[in-house]
Amino acid sequence: MKCRCGKRAVFHSKVYRVTLCEDCYSKFYVNLVKRSVKRYGILKSSEKILACVSGGKDSTAMAYALKELGYNFELFHVDLGIDDYSKESLKAVEELSQVLDVNLNVVKLSDYGFTIKDANRRKVCSACGIAKRYLMNRFARERGFDVVSTAHTSEDIILFFIKNVLSGNVEYVAKLRPRIEGHDRLVAKAKPLFERTEKENAVLVLSLNLPFTPVECPFAPQDVWKEIIYDIELRKRGFKQNFVRGIAKLSESVETESWEFKHCKICGEVSNDEVCSFCKLRLKR
Ligand code: SF4
Ligand code: ZN
(Lines give C-alpha, C1' and ligand atoms only; values in the text may rest on other atoms or scores of the structure.)
(Ligands and ions follow the chains in the order given, each with its own letter.)
Protein backbone atom coordinates (compact mmCIF):
# COMPACT_ATOMS: atom_id res chain seq x y z
CA MET A 1 0.00 0.00 0.00
CA LYS A 2 1.25 3.46 -0.86
CA CYS A 3 0.56 6.86 0.65
CA ARG A 4 -0.89 9.64 -1.50
CA CYS A 5 2.68 11.09 -1.64
CA GLY A 6 4.01 7.84 -3.09
CA LYS A 7 5.92 6.57 -0.02
CA ARG A 8 5.27 3.26 1.75
CA ALA A 9 2.12 3.48 3.88
CA VAL A 10 2.11 2.76 7.64
CA PHE A 11 -1.51 3.63 8.35
CA HIS A 12 -4.76 2.79 6.67
CA SER A 13 -8.16 3.79 8.02
CA LYS A 14 -11.61 3.08 6.68
CA VAL A 15 -13.04 5.61 9.15
CA TYR A 16 -11.03 8.51 7.74
CA ARG A 17 -10.65 6.91 4.30
CA VAL A 18 -6.88 7.53 4.23
CA THR A 19 -3.69 5.58 3.56
CA LEU A 20 -0.62 7.40 4.85
CA CYS A 21 3.17 7.11 5.15
CA GLU A 22 5.09 8.00 8.36
CA ASP A 23 5.57 11.68 7.49
CA CYS A 24 2.03 12.28 6.28
CA TYR A 25 0.61 10.32 9.24
CA SER A 26 2.27 12.45 11.94
CA LYS A 27 0.87 15.62 10.31
CA PHE A 28 -2.53 13.98 9.97
CA TYR A 29 -2.48 12.87 13.64
CA VAL A 30 -1.50 16.32 14.98
CA ASN A 31 -4.26 17.85 12.87
CA LEU A 32 -6.82 15.47 14.36
CA VAL A 33 -5.75 16.52 17.88
CA LYS A 34 -5.90 20.18 16.84
CA ARG A 35 -9.42 19.66 15.52
CA SER A 36 -10.65 18.05 18.78
CA VAL A 37 -9.01 20.75 20.90
CA LYS A 38 -10.69 23.47 18.85
CA ARG A 39 -14.09 21.83 18.58
CA TYR A 40 -14.41 21.18 22.32
CA GLY A 41 -12.34 24.12 23.64
CA ILE A 42 -10.04 21.65 25.42
CA LEU A 43 -6.98 23.91 25.75
CA LYS A 44 -6.29 27.61 25.42
CA SER A 45 -3.15 28.96 23.79
CA SER A 46 -2.47 31.25 26.78
CA GLU A 47 -2.47 28.40 29.30
CA LYS A 48 0.46 26.83 31.11
CA ILE A 49 -0.17 23.09 30.80
CA LEU A 50 1.01 20.23 33.00
CA ALA A 51 1.08 17.16 30.72
CA CYS A 52 0.91 13.90 32.68
CA VAL A 53 3.11 11.22 31.16
CA SER A 54 3.33 7.59 32.24
CA GLY A 55 6.02 6.47 29.80
CA GLY A 56 3.42 4.61 27.71
CA LYS A 57 2.51 5.24 24.07
CA ASP A 58 -0.63 7.31 24.69
CA SER A 59 0.89 10.02 26.87
CA THR A 60 4.00 10.07 24.64
CA ALA A 61 1.73 10.77 21.66
CA MET A 62 -0.06 13.51 23.62
CA ALA A 63 3.22 15.23 24.54
CA TYR A 64 4.36 15.12 20.90
CA ALA A 65 1.09 16.67 19.70
CA LEU A 66 1.24 19.44 22.34
CA LYS A 67 4.80 20.25 21.25
CA GLU A 68 3.87 20.31 17.57
CA LEU A 69 0.88 22.54 18.27
CA GLY A 70 3.11 25.04 20.09
CA TYR A 71 1.59 24.82 23.58
CA ASN A 72 3.41 26.03 26.69
CA PHE A 73 3.75 22.84 28.73
CA GLU A 74 5.89 20.76 31.05
CA LEU A 75 5.85 17.01 31.65
CA PHE A 76 4.75 15.44 34.94
CA HIS A 77 5.41 11.86 35.99
CA VAL A 78 4.53 9.95 39.15
CA ASP A 79 7.07 7.29 40.13
CA LEU A 80 4.77 4.61 41.54
CA GLY A 81 7.57 2.42 42.89
CA ILE A 82 6.45 -0.68 40.92
CA ASP A 83 9.81 -2.42 40.39
CA ASP A 84 11.00 -2.74 36.75
CA TYR A 85 7.84 -1.17 35.35
CA SER A 86 8.50 2.10 37.20
CA LYS A 87 12.21 2.07 36.29
CA GLU A 88 11.42 1.58 32.60
CA SER A 89 8.67 4.21 32.70
CA LEU A 90 10.96 6.78 34.29
CA LYS A 91 13.67 6.05 31.71
CA ALA A 92 11.14 6.57 28.89
CA VAL A 93 9.83 9.90 30.21
CA GLU A 94 13.37 11.17 30.80
CA GLU A 95 14.20 10.37 27.17
CA LEU A 96 10.97 11.97 26.01
CA SER A 97 11.82 15.14 27.91
CA GLN A 98 15.16 15.29 26.09
CA VAL A 99 13.76 14.49 22.65
CA LEU A 100 11.01 17.12 22.92
CA ASP A 101 13.20 19.55 24.88
CA VAL A 102 10.48 19.98 27.52
CA ASN A 103 11.03 20.16 31.28
CA LEU A 104 10.16 16.98 33.23
CA ASN A 105 8.82 17.02 36.81
CA VAL A 106 8.90 13.75 38.75
CA VAL A 107 7.09 13.08 42.02
CA LYS A 108 7.88 9.89 43.91
CA LEU A 109 5.03 8.22 45.71
CA SER A 110 7.57 6.86 48.22
CA ASP A 111 8.18 10.48 49.34
CA TYR A 112 4.63 10.32 50.74
CA GLY A 113 5.53 7.27 52.78
CA PHE A 114 4.09 4.47 50.64
CA THR A 115 4.16 2.76 47.24
CA ILE A 116 1.36 1.35 45.12
CA LYS A 117 2.44 -2.16 46.12
CA ASP A 118 1.29 -1.39 49.69
CA ALA A 119 -2.33 -1.07 48.53
CA ASN A 120 -4.76 -3.94 48.84
CA ARG A 121 -4.01 -6.12 45.76
CA ARG A 122 -7.63 -6.14 44.56
CA LYS A 123 -7.81 -2.37 44.77
CA VAL A 124 -4.37 -1.46 43.50
CA CYS A 125 -5.55 0.33 40.32
CA SER A 126 -8.12 2.32 42.23
CA ALA A 127 -5.40 3.38 44.74
CA CYS A 128 -3.10 4.24 41.85
CA GLY A 129 -5.77 6.44 40.23
CA ILE A 130 -6.44 8.23 43.53
CA ALA A 131 -2.71 8.90 44.05
CA LYS A 132 -2.09 10.13 40.50
CA ARG A 133 -5.13 12.44 40.45
CA TYR A 134 -4.23 13.89 43.85
CA LEU A 135 -0.56 14.45 43.05
CA MET A 136 -1.07 15.96 39.60
CA ASN A 137 -3.73 18.38 40.82
CA ARG A 138 -1.73 19.48 43.85
CA PHE A 139 1.52 19.84 41.91
CA ALA A 140 -0.19 21.83 39.13
CA ARG A 141 -1.88 24.23 41.54
CA GLU A 142 1.16 24.77 43.75
CA ARG A 143 3.43 25.40 40.73
CA GLY A 144 1.05 27.77 38.94
CA PHE A 145 -0.14 25.56 36.04
CA ASP A 146 -3.56 26.45 34.58
CA VAL A 147 -4.59 23.02 33.41
CA VAL A 148 -3.65 19.35 33.79
CA SER A 149 -3.64 17.40 30.53
CA THR A 150 -4.08 13.62 30.54
CA ALA A 151 -3.87 11.10 27.69
CA HIS A 152 -7.25 9.40 28.06
CA THR A 153 -8.10 7.67 24.79
CA SER A 154 -11.50 6.95 23.28
CA GLU A 155 -11.24 3.40 24.67
CA ASP A 156 -10.64 4.77 28.22
CA ILE A 157 -13.62 7.10 27.94
CA ILE A 158 -15.98 4.40 26.65
CA LEU A 159 -14.77 1.94 29.30
CA PHE A 160 -15.33 4.43 32.12
CA PHE A 161 -18.74 5.33 30.69
CA ILE A 162 -19.95 1.72 30.44
CA LYS A 163 -18.71 0.77 33.91
CA ASN A 164 -20.25 3.78 35.61
CA VAL A 165 -23.58 3.48 33.83
CA LEU A 166 -23.69 -0.22 34.74
CA SER A 167 -23.04 0.67 38.40
CA GLY A 168 -25.74 3.33 38.33
CA ASN A 169 -23.27 6.23 38.71
CA VAL A 170 -24.84 8.10 35.83
CA GLU A 171 -23.81 11.53 37.15
CA TYR A 172 -20.13 10.50 36.82
CA VAL A 173 -20.54 10.98 33.07
CA ALA A 174 -19.77 14.66 33.85
CA LYS A 175 -16.19 13.59 34.61
CA LEU A 176 -15.84 12.53 30.98
CA ARG A 177 -16.09 16.04 29.58
CA PRO A 178 -13.21 16.73 27.21
CA ARG A 179 -12.44 19.69 29.46
CA ILE A 180 -13.49 20.17 33.08
CA GLU A 181 -13.09 23.69 34.37
CA GLY A 182 -11.24 24.20 37.64
CA HIS A 183 -12.86 25.40 40.83
CA ASP A 184 -11.87 25.80 44.46
CA ARG A 185 -8.53 23.96 44.81
CA LEU A 186 -9.10 21.84 41.70
CA VAL A 187 -7.17 22.79 38.57
CA ALA A 188 -8.88 22.47 35.14
CA LYS A 189 -8.53 19.05 33.48
CA ALA A 190 -8.09 18.47 29.74
CA LYS A 191 -8.30 15.32 27.62
CA PRO A 192 -6.92 16.31 24.20
CA LEU A 193 -6.79 12.65 23.01
CA PHE A 194 -10.35 11.76 23.93
CA GLU A 195 -11.22 11.16 20.25
CA ARG A 196 -7.96 9.31 19.52
CA THR A 197 -7.61 5.54 19.67
CA GLU A 198 -4.77 3.50 21.17
CA LYS A 199 -3.91 2.30 17.68
CA GLU A 200 -3.59 5.84 16.34
CA ASN A 201 -1.28 6.72 19.25
CA ALA A 202 0.80 3.56 18.73
CA VAL A 203 1.28 4.23 15.01
CA LEU A 204 2.46 7.76 15.82
CA VAL A 205 5.07 6.84 18.44
CA LEU A 206 6.33 3.84 16.45
CA SER A 207 6.60 5.68 13.15
CA LEU A 208 8.43 8.64 14.75
CA ASN A 209 10.50 6.34 16.97
CA LEU A 210 9.51 8.34 20.05
CA PRO A 211 10.65 6.97 23.41
CA PHE A 212 8.05 4.94 25.28
CA THR A 213 8.03 1.76 27.31
CA PRO A 214 6.23 -1.32 26.01
CA VAL A 215 6.53 -2.83 29.51
CA GLU A 216 3.08 -3.41 30.98
CA CYS A 217 2.32 -2.64 34.59
CA PRO A 218 2.19 -6.02 36.45
CA PHE A 219 -1.14 -4.93 37.98
CA ALA A 220 -2.79 -4.15 34.62
CA PRO A 221 -6.16 -5.93 34.61
CA GLN A 222 -7.38 -8.05 31.71
CA ASP A 223 -10.47 -6.05 30.88
CA VAL A 224 -13.10 -7.94 28.94
CA TRP A 225 -14.92 -4.68 28.21
CA LYS A 226 -11.93 -3.42 26.27
CA GLU A 227 -12.09 -6.54 24.09
CA ILE A 228 -15.81 -5.96 23.58
CA ILE A 229 -15.16 -2.35 22.51
CA TYR A 230 -12.60 -3.60 19.95
CA ASP A 231 -15.07 -6.21 18.71
CA ILE A 232 -17.79 -3.63 18.18
CA GLU A 233 -15.36 -1.39 16.29
CA LEU A 234 -14.46 -4.30 14.00
CA ARG A 235 -18.10 -4.89 13.21
CA LYS A 236 -19.16 -1.26 13.11
CA ARG A 237 -16.38 1.02 11.86
CA GLY A 238 -16.36 4.44 13.47
CA PHE A 239 -18.16 3.19 16.60
CA LYS A 240 -15.53 4.54 19.03
CA GLN A 241 -15.39 7.97 17.47
CA ASN A 242 -19.15 8.36 17.29
CA PHE A 243 -19.63 6.98 20.79
CA VAL A 244 -17.15 9.34 22.49
CA ARG A 245 -18.72 12.28 20.68
CA GLY A 246 -22.07 11.20 22.09
CA ILE A 247 -20.55 10.87 25.56
CA ALA A 248 -19.07 14.38 25.27
CA LYS A 249 -22.53 15.74 24.43
CA LEU A 250 -24.19 13.79 27.22
CA SER A 251 -21.55 14.83 29.76
CA GLU A 252 -22.43 18.50 29.19
CA SER A 253 -26.05 17.84 30.06
CA VAL A 254 -25.24 16.52 33.55
CA GLU A 255 -25.82 19.17 36.17
CA THR A 256 -22.81 19.51 38.51
CA GLU A 257 -23.63 22.81 40.24
CA SER A 258 -25.09 21.03 43.25
CA TRP A 259 -22.06 18.77 43.76
CA GLU A 260 -20.77 19.49 47.24
CA PHE A 261 -17.12 19.30 48.15
CA LYS A 262 -15.48 19.39 51.54
CA HIS A 263 -11.84 19.95 52.42
CA CYS A 264 -9.69 17.18 53.87
CA LYS A 265 -9.02 17.91 57.53
CA ILE A 266 -5.48 16.52 57.16
CA CYS A 267 -4.13 17.99 53.92
CA GLY A 268 -6.74 20.63 53.06
CA GLU A 269 -7.33 19.36 49.52
CA VAL A 270 -10.82 19.05 48.02
CA SER A 271 -12.51 15.88 49.22
CA ASN A 272 -15.86 14.06 49.24
CA ASP A 273 -15.27 13.17 52.87
CA GLU A 274 -13.78 14.54 56.11
CA VAL A 275 -10.49 12.88 55.11
CA CYS A 276 -9.56 12.68 51.41
CA SER A 277 -8.97 9.34 49.65
CA PHE A 278 -5.24 10.03 49.33
CA CYS A 279 -4.76 10.66 53.06
CA LYS A 280 -6.85 7.55 53.79
CA LEU A 281 -4.45 5.56 51.62
CA ARG A 282 -1.42 6.99 53.40
CA LEU A 283 -2.85 6.38 56.86
CA LYS A 284 -4.07 2.84 56.15
CA ARG A 285 -0.60 1.38 55.80
FE1 SF4 B 1 -1.66 2.01 38.16
FE2 SF4 B 1 -3.23 -0.11 37.70
FE3 SF4 B 1 -2.29 1.37 35.68
FE4 SF4 B 1 -0.64 -0.19 37.09
S5 SF4 B 1 -2.35 -0.87 35.81
S6 SF4 B 1 -0.24 1.92 36.45
S7 SF4 B 1 -1.50 0.00 39.13
S8 SF4 B 1 -3.72 2.04 37.25
ZN1 ZN C 1 -6.02 14.72 52.48
Side-chain angles (χ1 to χ4, degrees), residues 51-63 75-93 96 106-142 148 150-153 155-160 162-164 172 175-176 184-187 189 191 193 198 201-202 212-227 229 260-285:
C52 300
V53 286
S54 64
K57 63 184 184 334
D58 301 317
S59 52
T60 297
M62 173 182 73
L75 304 175
F76 176 75
H77 176 74
V78 180
D79 184 339
L80 299 164
I82 308 176
D83 307 325
D84 287 350
Y85 168 71
S86 288
K87 284 184 200 138
E88 290 297 322
S89 303
L90 182 60
K91 207 169 112 198
V93 293
L96 182 67
V106 179
V107 169
K108 282 185 170 189
L109 203 50
S110 57
D111 289 347
Y112 290 82
F114 71 109
T115 73
I116 271 317
K117 290 188 294 179
D118 297 326
N120 176 329
R121 193 166 175 97
R122 277 188 306 126
K123 294 186 178 162
V124 70
C125 288
S126 146
C128 183
I130 288 167
K132 284 195 269 196
R133 282 192 297 276
Y134 179 94
L135 293 171
M136 68 189 187
N137 180 71
R138 190 165 166 178
F139 186 93
R141 193 190 65 248
E142 289 177 351
V148 168
T150 53
H152 290 97
T153 63
E155 290 92 347
D156 296 327
I157 304 284
I158 295 171
L159 207 60
F160 187 91
I162 292 175
K163 287 184 176 175
N164 279 286
Y172 278 19
K175 295 188 178 182
L176 296 176
D184 197 334
R185 310 195 98 207
L186 296 175
V187 176
K189 306 283 180 318
K191 305 179 192 74
L193 302 193
E198 292 180 350
N201 298 336
F212 77 101
T213 174
V215 177
E216 274 242 351
C217 173
F219 298 110
Q222 279 302 324
D223 205 315
V224 70
W225 277 110
K226 213 164 207 180
E227 290 166 25
I229 292 167
E260 276 183 32
F261 294 104
K262 299 174 184 149
H263 291 105
C264 172
K265 65 180 183 190
I266 297 173
C267 70
E269 294 296 311
V270 171
S271 168
N272 291 327
D273 241 322
E274 294 286 300
V275 174
C276 76
S277 307
F278 185 71
C279 285
K280 280 182 194 162
L281 270 180
R282 285 194 297 138
L283 297 174
K284 235 184 237 169
R285 54 176 312 274

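One-based numbering, in listed order, for ligands and for the atoms of each. Note that the structure is a prediction, hence the values are computed from the model and not measured.
- In terms of heavy atoms, Leu193 sits closest to Asp58 at CD1-O, 3.4 Å.
- Between Tyr134 and Glu269 there is a side-chain heavy-atom pair separated by less than 4.5 Å.
- Residue contacts with ligand 1: Gly129 is excluded, as none of its non-hydrogen atoms falls under 4.0 Å.
- Among protein heavy atoms, the minimum distance from atom 2 (Fe) of ligand 1 is reached at Cys125 SG, 2.3 Å.
- The main-chain N or O of Gly81 is found under 3.5 Å from a side-chain atom of Ser86 such that the two form a donor-acceptor pair.
- Near Cys128, meaning under 4.0 Å from one of its heavy atoms, ligand 1 places the atoms 1 (Fe), 6 (S), 7 (S), 8 (S).
- Vertex the Zn ion (ligand 2), arms ending at SG of Cys267 and SG of Cys276: the angle is 110° after rounding to 10 degrees.
- Summary of contacts: the protein heavy atom closest to atom 3 (Fe) of ligand 1 is Lys132 NZ, 4.4 Å.
- With a 4.5 Å cut-off on side-chain heavy atoms, Lys189 and His152 do not count as touching.
- When only non-hydrogen protein atoms are considered, atom 4 (Fe) of ligand 1 lies nearest to Cys217 SG, 2.3 Å.
- Using a 4.5 Å cut-off on side-chain heavy atoms (C-beta onward), Asp156 and Lys191 make no contact.
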